Every structure is written in structure tokens, then in C-alpha cells.
Amino acid sequence: MNELFEHTSIKRAYFTLALPVVLSMAVTLIYNMVDTFFVAKTGNPDLVAGVSQGAPIFTLMIALGDIFGLGGSSVISRLFGEQRDKLARLVSGYCFYAPIICGVIVTAIMVIFQNPILHLLGASPSTWKYAREYYLVIAWGATFVIFGLSPTNILRTEGLAVQSMIASMVGTGINIVLNPIFIFTCGLGAAGSALATVTSTVIGDILMVYYLRTKSQKLSTSIHETKISWKLQFEIYAIGIPASVTNIMATFAVAMTNRYLIAYGADSVAAMGIAMKANMIINMIMVGFAFGAQPLIGYVYGAKDEQRFNKVVKFDIQVVASLAIILTIILFIFAPHVIRIFMSDPRIVTEGALMLRWLSISTTLAGIILVFTTMFQSMGKATPAFWLSFCRQGLIFGVTISILAKLFGYTGIVAAQAVADCLTFILALIFYWLYRPHFDKNRH
């Protein structure tokens, strides 16, 4: 492991860690496309809109899982870089069991407060039935969804990115197979989509636990190796919560967008749901590279290797920005064709193409913001990591969509994310200047 993080060329180490994550993201992307395809093939715009309204709750669970997965992996990577392997093992044990407890609590809250939460997500009388069906199945599977994010990320801190990828890909592959069976053959509709997700998540979790127990030499699944200091727990949450805010704010952004768009009809909400899924082509690839590089950034930062640290971050930005530009151009040109894959309704194709172009136009800036955010997370810099996560699809987005919707109506709503990305990018540059690492002053 030390050879990969310390002596392997930056390019090779970067792609060794990042490519398995990207491939895993690519398979997840295919699932999202297939899921949207089969849901759309029901030919029911209310059902498509209902799933779109219920989907943010799944994103919220991923965000909660990221508290332990990303927070824990950030701490573990830095401890490995500092050669404090025994302490890193205890942190991994803590991050194995904490999300299970969290998942049980989430299920209880979601089941008890389902009606107010569905109202908050923007479910209307026409979409309520479908949104609730999707929501309840996801709610009961919360523990498995939240737990899975921990071993997925922690495995990569020991260089086991391929094993993490295999577990994710197997789960996603099973999801793709089960989707049409549950939606159409079993006639479960929106609930079938959610059930396929939960079932495949359980299988993926089992495989990741197997890899942790058989392939890892430095990580733990033992309940007897979970006791860590309050200081280390604080470090996990100080980084994990800002990291999870990215997904929480994504949930907020989708819910806000849907609430504004529902005034223009279920077709507009359905079109945006499809456009957002299509735009995930760029987003998931960027996320794959940015988070794939995170263990390497954390390790070299912990090892106080300034030259290698700077080179890794620079290379990370170059890769993410280059790919984002290429994919943005492709999506911008072929937007109507991409939307038509899912639904052929002329209005939805027209609206969806416009939405997809607006969503994709600023993704290069979003990618660079993501690199800065993951860099701050790897360094243990909670403040800038939090604000970048909170602002792009949260504070700045919320203010932006409110103002633009009032000034420009429909066009303002679909342009809101692009404007928010530009403003957040400026904030990211300011934070980089203020919080850039000074290795001679670091204390660990």
C-alpha cells in the first residue's frame, strides 16, 4: 500500500485509485438511465414525476452514509500517511457500526413522519400515490443504503479500489436486472423501482463486508475495535458532515426545483427528472475521479509531502475539467436525442432538452468546485469544505432560484443551477487562497 501512495508516479497512482471508482460510477450511471427508462416506459407522467419527487430521499440516505464513509476515509487516509495504522483500524471499526445505528433511526423517522416529508418533497394530489410507494420502500431499506457508503469508501484507503468497484458493480448489475421484473412483471410500478434498488444494495453490502474481512489487512469489522477518542469522532463528523452536505443539498435542489416546476404541470417535473438523470453522465464521472483521488490526497497530506500534494491536486483538476468540457459539448449537441431515449412526448423532449443544456453548461465549473471540496475534506479543513458543499446546491442555489423564478419565470428556474455554479466557483477560488496548505506550519 505504501508503495502506491508514496512512490508510484502520480499519474499511475491517481488512475489506479480513481478508475475503479469511475467504472463503478459508470455502472451506477447505466442503472440510473435504465431505471429512468423503465419508469418512463410506463407512459405515466404522474408516475415519472412521483418517482422524481421521491428520489431525493434516496440521495439523502447516501448523504448520511457519506458522513461515515467520506469522514472516516479522510481520517483513515491521513492516519495511514502519518504511519498510525493501529488508530486507523479503530476508526474503520467505528465507521462500520455507526451507520447501522443511524440507518435504524432514519427508518423510524421516515415511517412516522411520511406525510409531512412527502409534502416537503413537493408531492401533489396527482403524484402522491406514486411518490409514497417509492418513498416507503426506500424508507424500510434505509439501513442498508446508509451502511453501504462506509465500506465503499473505506476500502479505498487501503488501495482496495478494485474490490470496492466490484461490490458496487455487482449490486448495480443486479439492480438493472430486477428493475423491469419488479416494475412490469410483478406490476409494482414506482415501488418496484425502489425495491430493486434496496434488494441490490443488500447484495452489494454483503460483498463489501466479505472483502473487508478477507482482503483488508489494516481495516476492521470487529465490534471490539470501535472505541476511539472524542477528538477522532469529532474529526470524522467535522469532515463527514460537510461531505454529506453535498448530497443533502442535492436533495434540497431537486425538491426546490420540483416545487417551482409543478406550477407548470407534471410534464415539466418529469422532463426535469429525465434531464437531471441525463446530466448525471458528467456529474458521476467527475465525482468518480474527484473522490477516487481523495485517499491519495489525504495520504500525501498526512505524510507532509508538499510537492507530491500540489502535483496530485493539479492533475486532478486537469483530468476532471477536461472530461467535463468534452462531455458538456456532446450533451449540449445531442440533448433532444438523449431525452427522446426515455420519453418521446414532444413537449417533454423540448422541455427536457432545454433543461439538459442549462444543467450541463456549467458542469466544468462544478467539477473544479468538487475537486477543491474533496481536497479540503482530505486535508481535514471542515470550514471551506462545508461552505462549498452547502452553497452550490443549497444557500446560493436557493437564493438564485428564488430570484430568477420571480424575475424570469420558467427560464429562470431551469437556469438557476448554472448561475449558482458560477457564483460558487468564485467562492471556491477565494477559499483556495485562504486555506491553501502551508506544510511547514501543519501540526498533526
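All figures in this text were calculated on a predicted structure; none of them were measured in a lab.
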Whether the T221 and R213 side chains hold a donor-acceptor pair (N or O, under 3.5 Å, no angle test) is what I'd like checked.
yes

If we ignore hydrogens and angles and just use 3.5 Å, is the side chain of R132 paired with the main-chain N or O of L118 as donor and acceptor?
no

For T363 and S360, does a side-chain donor sit closer than 3.5 Å to a side-chain acceptor?
no

Any sub-3.5 Å donor-acceptor pair from N153's side-chain atoms to L149's backbone N or O?
yes

May I ask you to check whether T374 and Q294 show a side-chain donor-acceptor distance below 3.5 Å?
no

What verdict does the side-chain hydrogen bond (donor to acceptor under 3.5 Å, both in side chains) test give for S378 and Y299, after you've listed the backbone C-alpha separation in whole Å, the side-chain angles of each residue and the deciding distance to 0.1 Å?
CA-CA 8 Å; S378 302; Y299 189 98; over 6 Å; no

Electrostatic pair E158:K215 at N-O distance under 4.0 angstrom
no

Taken to the nearest 0.5 Å, the spacing of L160 CG from I166 CD1 works out to 10.5 Å

Over all atoms of both residues, closest heavy-atom pair of V51 and A190
CG2-CB, 3.7 Å

Intermediate values then yes/no, salt bridge (charged side-chain N to carboxylate O under 4.0 Å, His left out), E82 and K304:
CA-CA 9 Å; E82 296 166 12; K304 301 182 182 179; over 6 Å; no

Do L427 and C391 make a side-chain contact, defined as non-hydrogen atoms from C-beta onward lying under 4.5 Å apart?
yes

Is it the case that the side chain of T172 and the backbone of M169 share a donor-acceptor pair, with hydrogens and angles ignored and the cut-off at 3.5 Å?
no

Enclosure of F96 CZ (heavy-atom neighbours >12, cutoff 6.0 Å):
yes

Check: L70 main-chain N/O paired with S74 side-chain donor or acceptor under 3.5 Å
no

Report yes or no: does S164 contribute a side-chain atom to a donor-acceptor pair with the main-chain N or O of T152 at less than 3.5 Å?
yes

If I compare all heavy atoms of Q417 with all of F397, which pair ends up nearest, and what's the gap?
OE1-CD1, 3.5 Å

Main-chain N/O of I154 paired to T157 side chain as donor or acceptor, under 3.5 Å
yes

For residues V21 and M165, determine if any side-chain heavy atom of one lies less than 4.5 Å from a side-chain heavy atom of the other.
no

What's the separation between atom CG in L359 and atom CZ in F332, rounded to the nearest 0.5 Å?
11.5 Å

Which atom of A123 lies closest to which atom of Q53, heavy atoms considered:
CA-OE1, 3.5 Å

Is it the case that the side chain of D66 and the backbone of G69 share a donor-acceptor pair, with hydrogens and angles ignored and the cut-off at 3.5 Å?
no

Give a yes or no on whether the backbone of T197 and the side-chain of S200 come within a donor-acceptor separation of less than 3.5 Å.
yes

Trace of the side chain to side chain contact (heavy atoms under 4.5 Å, CB included) decision for Y97 with I223:
CA-CA 7 Å; Y97 287 96; I223 198 166; 3.8 Å; yes

Salt bridge or not for E133 and K129, using N-O below 4.0 Å?
yes

Within the 4.5 Å heavy-atom criterion, are R392 and M249 side-chain neighbours or not?
no

Side-chain heavy atoms of F291 within contact of S73, under 4.5 Å:
no

Show your reasoning for whether side chain to side chain contact (heavy atoms under 4.5 Å, CB included) applies to V198 and W140.
CA-CA 9 Å; V198 172; W140 285 108; over 6 Å; no

From R436 CZ over to F309 CZ, what is the distance, rounded to the nearest 0.5 angstrom?
12.5 Å

Is the backbone N or O of C95 less than 3.5 Å from a side-chain atom of S150, with the two atoms forming a donor-acceptor pair by type?
yes

If we only count heavy atoms from C-beta on, is the I57 to M110 side-chain gap below 4.5 Å?
yes

Taking atom CG of D205 and atom CD1 of I146, what is their separation to the nearest 0.5 Å?
11.0 Å

Closest non-hydrogen atom pair, F372 against A428
CD1-CB, 3.8 Å

Would V287 and L370 count as a side chain to side chain contact (heavy atoms under 4.5 Å, CB included) if you check the C-alpha gap in whole Å, the side-chain angles of each, and the deciding distance to 0.1 Å?
CA-CA 7 Å; V287 168; L370 183 61; 3.7 Å; yes

Please check if the side chain of S362 supplies one atom and the backbone of L365 the other of a donor-acceptor pair under 3.5 Å.
no

Please examine the side chains of T328 and I282, heavy atoms only from C-beta on, and report whether any two atoms are closer than 4.5 Å.
yes

Please say whether the positively charged group of K227, taken as NZ for Lys or CZ for Arg, lies over the ring of Y94, i.e. under 6.0 angstrom from the six-membered ring centre and within 45 degrees of the axis.
no

How are the rings of F390 and F386 set to each other: parallel, tilted or perpendicular (split at 30° and 60°)?
parallel

Heavy-atom closest pair (A385 atom, Q377 atom, distance to 0.1 Å) is CB-CG, 3.9 Å

Nearest atoms (heavy-atom pairs only) where A167 meets M208
CB-CG, 3.1 Å

Separation of L356 CG from M276 CE (nearest 0.5 Å):
11.0 Å

When the ring centroid of Y14 is compared with that of F315, is the distance short of 6.0 Å?
yes

Would you please test Y210 and Q163 for side chain to side chain contact (heavy atoms under 4.5 Å, CB included) and show each step?
CA-CA 10 Å; Y210 168 77; Q163 286 74 17; over 6 Å; no

Is there a side-chain contact between L434 and P384 in this structure, where contact means two heavy atoms from C-beta onward sitting under 4.5 Å apart?
no

Spacing of I76 atom CD1 and D85 atom CG [to the nearest 0.5 Å]:
11.0 Å

